[in-house]
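A, B, ... follow the sequence lines: proteins, then strands. Residue 1 opens every chain.
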Amino acid sequence: MTATSISERGLSPAQARSPRASFAGAVGSELLKLRKQRLNWVMIALAVLLFGVMALGLGTSDQRQLLAKSPHTFFNNFLDIWTTTFQIGSGIVLLLVSARLMGMEYSAGTLRILLARGQGRLQLLAAKLLVLISLGLLLLAGYVILVGAYTAGTVIVLHGNLDPLRSLPPVAWQNLGLAALVQVVSIVCAVLLGTAAAVVGRSLAFAVGVAMSFYPADNFGALVLILLRSATHQSFWTKPSDVLLGANFNVLLQTLEPDHSSRPAFAVPVDHVDATHALVVIAAWAMLFLGGSIVLLLRRDVNQ
Amino acid sequence: MQAMKESILSTHALSKRYGQRTVVDQLELQVDRGEVFGFLGPNGAGKTTTIRMALGLVEPTAGSVELFGSDVRTHGAQVLPRVGALVESPALYGYMSGRDNLRAVGRVLGGISESRMDEVLEVIHLRGRDGDRVNTYSLGMKQRLGLGLAMLNDPDLYILDEPANGLDPAGIAEIRDLLRELAAQGRTVFISSHVLSEIQQICDRVAIIQEGRLVTLSTVAQLTESGGEFIVIVERPEAALALVRTQPWGQKARLEDLQLVVPSPSGRGRDLVQFLAGHGHWPDVIRERQQSLEEIFLDLTGREAR
Ligand SMILES: Nc1ncnc2c1ncn2[C@@H]1O[C@H](COP(=O)(O)OP(=O)(O)O)[C@@H](O)[C@H]1O
Ligand SMILES: [Mg+2]
C-alpha cells in the first residue's frame, strides 16, 4: 500500500459520499446473500426431484377407475396430497432458509457491520422478511404450475381429455383457492418463526435447531395431550392443544372449506375448533413471532 | 488566529454497567477533525465496549456519544453512514466472495459502483482474489477486506478496534501506511490498541483507559518522554553506573540483568554515548528502552511499578 495508491485511484468523494441508502438497496443486499447460499439451490433441486418421485408413485391403475366414477373425489385426493406435501416441504425449506439468513448475521458478526454502517434494525428485519416471503410466494407459484400441469397431464392420460376437470362443481375450485390461501398464511408463519428463532437465540445453530424442531414438537405435544386426557380422564388436558400453532394449521383448510372435504394430516386440536378460532390462534402466534423479533432487535445490545 | 477545531467524535460522561460491574466509567473524550487518535488500554479496559457504544450497537447506561455533533442514539441513521468501522475481528460473509461482501454492504449504503469496488480492492490488495470465497482468505486478507468494507463510501471518520490484532509485522505496517494516507487526506481516525508501539508512530494524541476510566490524555511525545531511558551494554557496568549516578540527570540509573538502564543527559542517545565514551566506557550496544504500556499505566496511576 503505497502512499500514493489511494489518491491516485481517486476516491471521487462527491460520488462516493452522497447518502443513497434506500430500502430497495437493503432488499437487494438480502437477495444477494440468499442467492449465494448454495444450500438453498440444493434444497430446491431436491424438492423437484422429490416431486418427480411422488408423481411417478401416484400414477396407478385404480386412479383411472376413480376418475371415471367420481372426478370430484379424484380431485379432492389430489388436493389433499399436494397441499400437505407443499405445507411440509415449503415449511422445512422456509424455516431453514429464514433461520439461516437471520442467524448467520449473529454468528458471523456481520450484524454489527450492517448496524454500524447506519442500517436501521427494523429496516434490516423488514428487508429480510420481504425477501423471504417473496421466496415463499415464488415457490408456491412454481409449485402450482408444476402440480397443475401434472394433474392436467394425468387426467389426459387416464381419460383422453380434460372433461372430468370441466365437470367439477364450483366448490372444488373454491377449495383450491382456499388451499392456496392457507399456504400463503403458512409461508408467512414459517418465515416469521424462523426469523424469530434467530433473533431470540442470536446464533445460527440455535435458530436452525429451534426452527426445525418447533412443528414436530408442536404436533407431538398435541398427541401427548390426547394421551394424557385418555389416561387421566381430565378434559383439562384438551385446552392447551387448542392453542397449538401446528395443530390449528392442520385443521385450518378443513374448517375454511364450505364442504369440509379435506382430511387434516397429523395432530389436530382435541376439541372441535372452527375457522375463526384457527385463524385467531395462528394470527396470535404470528404476531408473537413478529413482535418478539422487533422488540428484541430494538432493545438488546449487539455484542456479536 | 487559531483554526477552528471541529469535534468529530465526543463522549460525555459515557458509562456502561453490566450488572454490578462498571465497564466504562464517566468517559470524556473529544476527537477533532483530521486527527489520528489512539485509544489505548490493556485487555478488558473497556475499549471495545466504548466503540460499540459510539457505533450505536450498545446502549450506554449513562452519558452519550456524539458523532459530527449529533447524538448517535437519536441520529444514527444520518451520522453512521459517514463512519467506517472495524470492530474486533473482521466480520464477513464467509460463504461469499470478497467482491460479493463489498456488494452486500455497498447496496445497503447505496450508490456504490462496481468501479468504486475495484478502487477499494486495489487499495486493500485483494484485486486478484476478489472472486474467491472469503472462507479461503488468510486472517490478514480478512482484516484488509474488513477495512475495505469500512472504506467503501469514503467515510469522514474511521473507528478501528485493534485492527492490528493477529497480523504479522508486515501486515501491521501496511495498515499503518494506509491509515497515514487516509489521515493525510483529512480523514479522522480513531484507533484502539493494547500495544502502544503499534500505533504510537501514527497517532497525534492518545487516550489511555484502564478499568473503564480515562487515565491520561496526551500527545504521544509527552507520553513517551516521561520514560525516555536507554539500555546500555558496557564492559564494566558497575563502574559505569557509579559514574552516571554522580550526574544530576543520572540519579535514576540502575542495573537490570547486568545492563545499564540510564536516562540520557539531553534525552538523545548520542549525548549519552558521548558522555560514556568520554569517560572510557565505550558502549557495545545502546537502545531505547521501550516502556511497555503496562509500565506507563503503573506510572500514571501512581502505583509502584517495581
Ligand atoms: N456483554 C457483556 N456482558 C458482560 N460483561 C461484558 C460484556 N461485554 C464486555 N464485558 C466486560 O467488559 C470489560 C471490558 O471489555 P471490552 O470493552 O471488550 O475491553 P477491551 O476491548 O478493552 O479489551 C471486560 O471485562 C468484559 O469482560
Ligand atoms: Mg477489545
Q: If you count heavy-atom pairs under 4.5 Å between each of B/G106, B/A150, B/G146 and chain A, which one has the most?
A: B/A150

Q: Given heavy-atom pairs under 4.5 angstrom as the criterion, report whether the side chain, backbone, both or neither of A/R299 touches chain B.
A: neither

Q: Please state whether the rings of A/F51 and A/W82 are parallel, tilted or perpendicular, taking 30° and 60° as the class boundaries.
A: tilted

Q: Given heavy-atom pairs under 4.5 angstrom as the criterion, report whether the side chain, backbone, both or neither of A/L32 touches chain B.
A: both

Q: Among A/L114, A/I113, A/N303, which has the most heavy-atom pairs under 4.5 Å with chain B?
A: A/N303

Q: Heavy-atom pairs under 4.5 Å with chain A - which of B/P90, B/A77, B/G84, B/A184 has more of them than the others?
A: B/G84

Q: Once rounded to the nearest 0.5 Å, what's the spacing between atom CD of B/Q78 and atom CZ of B/F68?
A: 12.5 Å

Q: Fit a plane to each ring of A/F214 and A/F289, take the angle between them on a 0 to 90° scale, and name the class: parallel (under 30°), tilted (30 to 60°) or perpendicular (over 60°).
A: perpendicular

Q: Heavy-atom pairs under 4.5 Å with chain A are the metric here; pick the option from B/E88, B/R180, B/R133 that has the most.
A: B/R133

Q: What part of B/R52 gets closer than 4.5 Å to chain A, counting heavy atoms only: side chain, backbone, both or neither?
A: side chain

Q: Could you give me the CA-CA distance, side-chain angles and deciding distance for B/F39 and B/F190, then say whether ring pair (Phe, Tyr, Trp, His ring centres under 6.0 Å) is met?
A: CA-CA 7 Å; B/F39 190 46; B/F190 182 89; 5.1 Å; yes

Q: Please determine whether the number of non-hydrogen atoms from other residues, nucleotides or ligands lying under 6.0 Å from atom CZ of B/R73 exceeds 12.
A: yes

Q: Given that the side chain runs from C-beta out, which part of A/L115 has a heavy atom under 4.5 Å from chain B: side chain, backbone, both or neither?
A: both

Q: Quick test of your reading: applying ring pair (Phe, Tyr, Trp, His ring centres under 6.0 Å), list the pairs with at least one residue in residues 106-148 of chain A, sequence neighbours left out, ordered by first then second residue.
A: A/F86-A/Y143

Q: Mind checking whether A/F249 and A/W285 have ring centres under 6.0 Å apart?
A: no

Q: Mark yes or no for whether B/N135, through its side chain, and B/G94, through its backbone, hold a donor-acceptor pair below 3.5 Å.
A: yes

Q: Which one of A/K33, A/E105, A/Q119, A/R121 has the most heavy-atom pairs closer than 4.5 Å to chain B?
A: A/K33

Q: Could you look at A/Q304 and say if it's the side chain, the backbone, both or neither that has a heavy atom under 4.5 Å from chain B?
A: backbone

Q: Please state whether the side chain, the backbone, both or neither of B/S89 comes within less than 4.5 Å of a heavy atom of chain A.
A: both

